[in-house]
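Right, one structure below, let's go through it.
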Amino acid sequence: MTKILITGANGQLGTELRNLLDERGVAYDAFDAKYMDITDQQAVDAKFDALKPAVVYHCAAYTAVDKAEDEGKQVNWRVNEDGTRNVAAAAKRVGAKLVYISTDYVFDGTNSDEYQVDDPTNPKNEYGKAKLAGERAVKEKTDDYYIIRTSWVFGKYGKNFVYTMLRLAKDHDKLTVVDDQFGRPTWTRTLAEFMTYLVDHEEPFGTYQLSNENSCSWYEFAKEILKDQDVEVAPVPSEAYSQKAYRPRHSIMSLSKAEETGFEIISWQEALAKFLTVIGE
């Protein structure tokens, strides 16, 4: 049986992935920062040497985008670049395949068309810069890797936009949401399934982009989330909200390379509907 190691085990994606593997009866070793601090190279090496995994799903990440601009800047870089380098180097040493999750924030969002996998990157915030540095660390340390860029992630096991909208709708008659930032929402279930699909089907190593099909603005996303709720959702420009970190205005990534693998990508509308059923909304 293939030995699997998961980092970021208790995060939004790591928990989804563990549940998916549990459903399939697939064994794995999973660690959060308490049991394997990825920024500690010796700790990472010791765990990899002891377990000798064949596949590593690297879900650990620092994702507080605004905090990464100041108070969380140091930990953002330590986790997303240094930690990823440690994991990639250890994976290479034990001969493991590595799956690393990256972000649409590696792009600046000024492209009016879909971003292709090989389009030039130009991150404009600290989080995006550190995640791109993580991509480069992976490529530097190993050849047996899958980098998966994703965006607008939502799922059962963490803080995300869907939960925020549902919570706010309980206490407000009207919500305002930006309508000039466009992207593709991604259900953690779809992402976890694609991660395992690449490995199980031995797809070519390299960089992929995976979100749910179709695109929208945050306003359109919110409208769909709250379509059965008694709340008004009104569009506003990005300038209406003050945020520390730059947000790409148009970060719709092409899914063509992922689709070419034969993996079936459902629409974000279908994914959202399934997710809302899962959480009982």
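Using a 4.5 Å heavy-atom threshold, the side chains of I6 and M195 count as separate. Counting only heavy atoms from C-beta outward, the side chains of L20 and R24 approach each other to under 4.5 Å. With contacts defined as side-chain heavy-atom distances shorter than 4.5 Å, the pair Q229/L175 does not qualify. For the pair F194 and T261, the minimum side-chain heavy-atom distance is below 4.5 Å. Inter-residue side-chain proximity for R93 and D45 is flagged as met; some heavy-atom pair is nearer than 4.5 Å. Proximity of L210 to Y197: side-chain heavy atoms (C-beta onward) are nowhere separated by under 4.5 Å. Side-chain contact between H201 and F263 is absent, with no heavy-atom pair separated by less than 4.5 Å. No side-chain heavy atom of Q181 sits under 4.5 Å from any side-chain heavy atom of F221.
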Practice item. Mind running ring pair (Phe, Tyr, Trp, His ring centres under 6.0 Å) on F205 and Y146 for me, showing each step along the way? Key: CA-CA 5 Å; F205 293 121; Y146 298 105; 5.0 Å; yes
Exercise for review: Could you check R249 against E239 for salt bridge (Lys or Arg N to Asp or Glu O under 4.0 Å), going step by step and ending with a plain yes or no?
Suggested key: CA-CA 12 Å; R249 289 294 180 97; E239 289 74 21; 2.8 Å; yes
**Study point:** Evaluation steps, side chain to side chain contact (heavy atoms under 4.5 Å, CB included), between E135 and R149
**Key:** CA-CA 10 Å; E135 288 190 17; R149 294 178 184 143; 2.9 Å; yes
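In terms of modelled atom types and a separation under 3.5 Å, the side chain of Q41 and the main chain of N86 share no donor-acceptor contact. Panel note: side chain N160, backbone G155; a donor-acceptor pair is recorded below 3.5 Å. Looking only at distances, no side-chain donor or acceptor of K141 sits under 3.5 Å from a matching main-chain atom of V138. Formation of a donor-acceptor pair under 3.5 Å by the N122 side chain with backbone atoms of D108 is not found in this model. In this structure a side-chain-to-backbone donor-acceptor pair under 3.5 Å is present from T186 to S151. The backbone N or O of L51 sits less than 3.5 Å from a side-chain atom of K3, completing a donor-acceptor pair. With N80 contributing its side chain and K131 its backbone, the two residues share no donor-acceptor pair below 3.5 Å.
Criterion: ILVMFWY side-chain heavy atoms under 4.5 Å apart, direct or through other members. Under it, V199 and I4 are part of a common hydrophobic cluster. Residues F48 and Y100 fall within the same hydrophobic cluster, defined by Ile, Leu, Val, Met, Phe, Trp and Tyr side chains chained together at heavy-atom separations under 4.5 Å. A single hydrophobic cluster is seen to contain both Y241 and M165, as judged by linkage of ILVMFWY side chains at heavy-atom distances under 4.5 Å, directly or through other members. Following chains of ILVMFWY side-chain contacts shorter than 4.5 Å, one can reach I225 starting from L168, so the two form part of one hydrophobic cluster. Note on I101 and W187: separate hydrophobic clusters, where clusters join Ile, Leu, Val, Met, Phe, Trp and Tyr whose side-chain heavy atoms are under 4.5 Å apart, directly or indirectly.
Applying the side chain to side chain contact (heavy atoms under 4.5 Å, CB included) test between I148 and each of V99, T103, T207 identifies V99 as the sole match. Residue Y157 forms a side chain to side chain contact (heavy atoms under 4.5 Å, CB included) with just one option from N10, L17, N19, and that option is N19. Each of W218, W268, W152, F154 was compared with F161 under the ring-ring contact (aromatic ring centres under 6.0 Å, His included) criterion, and only W218 meets it.
Interatomic distance, N125 CG to E69 CD, rounded to the nearest 0.5 Å: 5.5 Å. Here the OH atom belonging to Y28 is positioned 5.0 Å from the CZ atom belonging to R18, to the nearest 0.5 angstrom. Here CD1 of I266 is found 7.5 Å from CD of E193. Values are rounded to the nearest 0.5 Å. Note: N212 CG to R184 CZ = 9.5 Å, rounded to the nearest 0.5 Å. The line from CD of E264 to CD of E259 is 10.5 Å long, rounded to the nearest 0.5 Å. Here the CG-CE distance, from D119 to M253, works out to 11.5 Å after rounding to the nearest 0.5 Å.
Annotation for G109 and Y115: closest pair N-OH, 3.0 Å, computed over non-hydrogen atoms. D49 approaches K52 most closely through the heavy-atom pair O-NZ, 2.7 Å. Counting all heavy atoms, side chain and backbone alike, Y219 lies closest to D179 at CB-CB, 3.7 Å. Of all heavy-atom pairs spanning V106 and G128, the tightest one is CG1-O, 4.0 Å. A pairwise comparison of heavy atoms in K156 and F275 identifies N-CE1, 3.3 Å as the closest pair. Nearest heavy-atom pair, V44 versus A90, reported as atom, atom and distance to 0.1 Å: CG1-CB, 3.8 Å.
Checked against salt bridge (Lys or Arg N to Asp or Glu O under 4.0 Å), E260 has no partners two or more places apart in sequence or in another chain. Listed by chain and residue number, R85 satisfy the salt bridge (Lys or Arg N to Asp or Glu O under 4.0 Å) test with D82 (two or more places apart in sequence, or in another chain). Considering only residues two or more places apart in sequence or on other chains, T39 meets the side-chain hydrogen bond (donor to acceptor under 3.5 Å, both in side chains) condition with D37, R78. Looking at residues two or more places apart in sequence or on another chain, you find no side-chain hydrogen bond (donor to acceptor under 3.5 Å, both in side chains) involving N111.
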Show me the donor-acceptor pairs within less than 3.5 Å that the side chains of residues 53-66 make with the rest of the protein, sequence neighbours left out.
{"unit_1": "H58", "atom_1": "ND1", "unit_2": "T7", "atom_2": "OG1", "d": "2.7"}
{"unit_1": "H58", "atom_1": "NE2", "unit_2": "T84", "atom_2": "OG1", "d": "3.1"}
{"unit_1": "D66", "atom_1": "OD1", "unit_2": "K244", "atom_2": "N", "d": "3.3"}
{"unit_1": "D66", "atom_1": "OD1", "unit_2": "A245", "atom_2": "N", "d": "2.9"}
{"unit_1": "D66", "atom_1": "OD1", "unit_2": "R247", "atom_2": "NH1", "d": "3.0"}
{"unit_1": "D66", "atom_1": "OD2", "unit_2": "R247", "atom_2": "NH2", "d": "3.1"}

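The number of heavy-atom neighbours closer than 6.0 Å to CD of E281, taken from other residues, nucleotides and ligands shown, is above 12. For K257, the NZ atom sits in a packed shell: over 12 heavy atoms of surrounding residues, nucleotides or ligands are nearer than 6.0 Å. More than 12 heavy atoms of other shown residues, nucleotides or ligands fall within 6.0 angstrom of atom CD in E23.
Salt-bridge annotation for E224 and K227: present, with a side-chain N of the basic residue lying under 4.0 Å from a carboxylate O of the acidic one.
Taking Ile, Leu, Val, Met, Phe, Trp and Tyr as members and joining any whose side-chain heavy atoms lie under 4.5 Å apart, directly or through other members, the hydrophobic cluster of I252 also contains F182.
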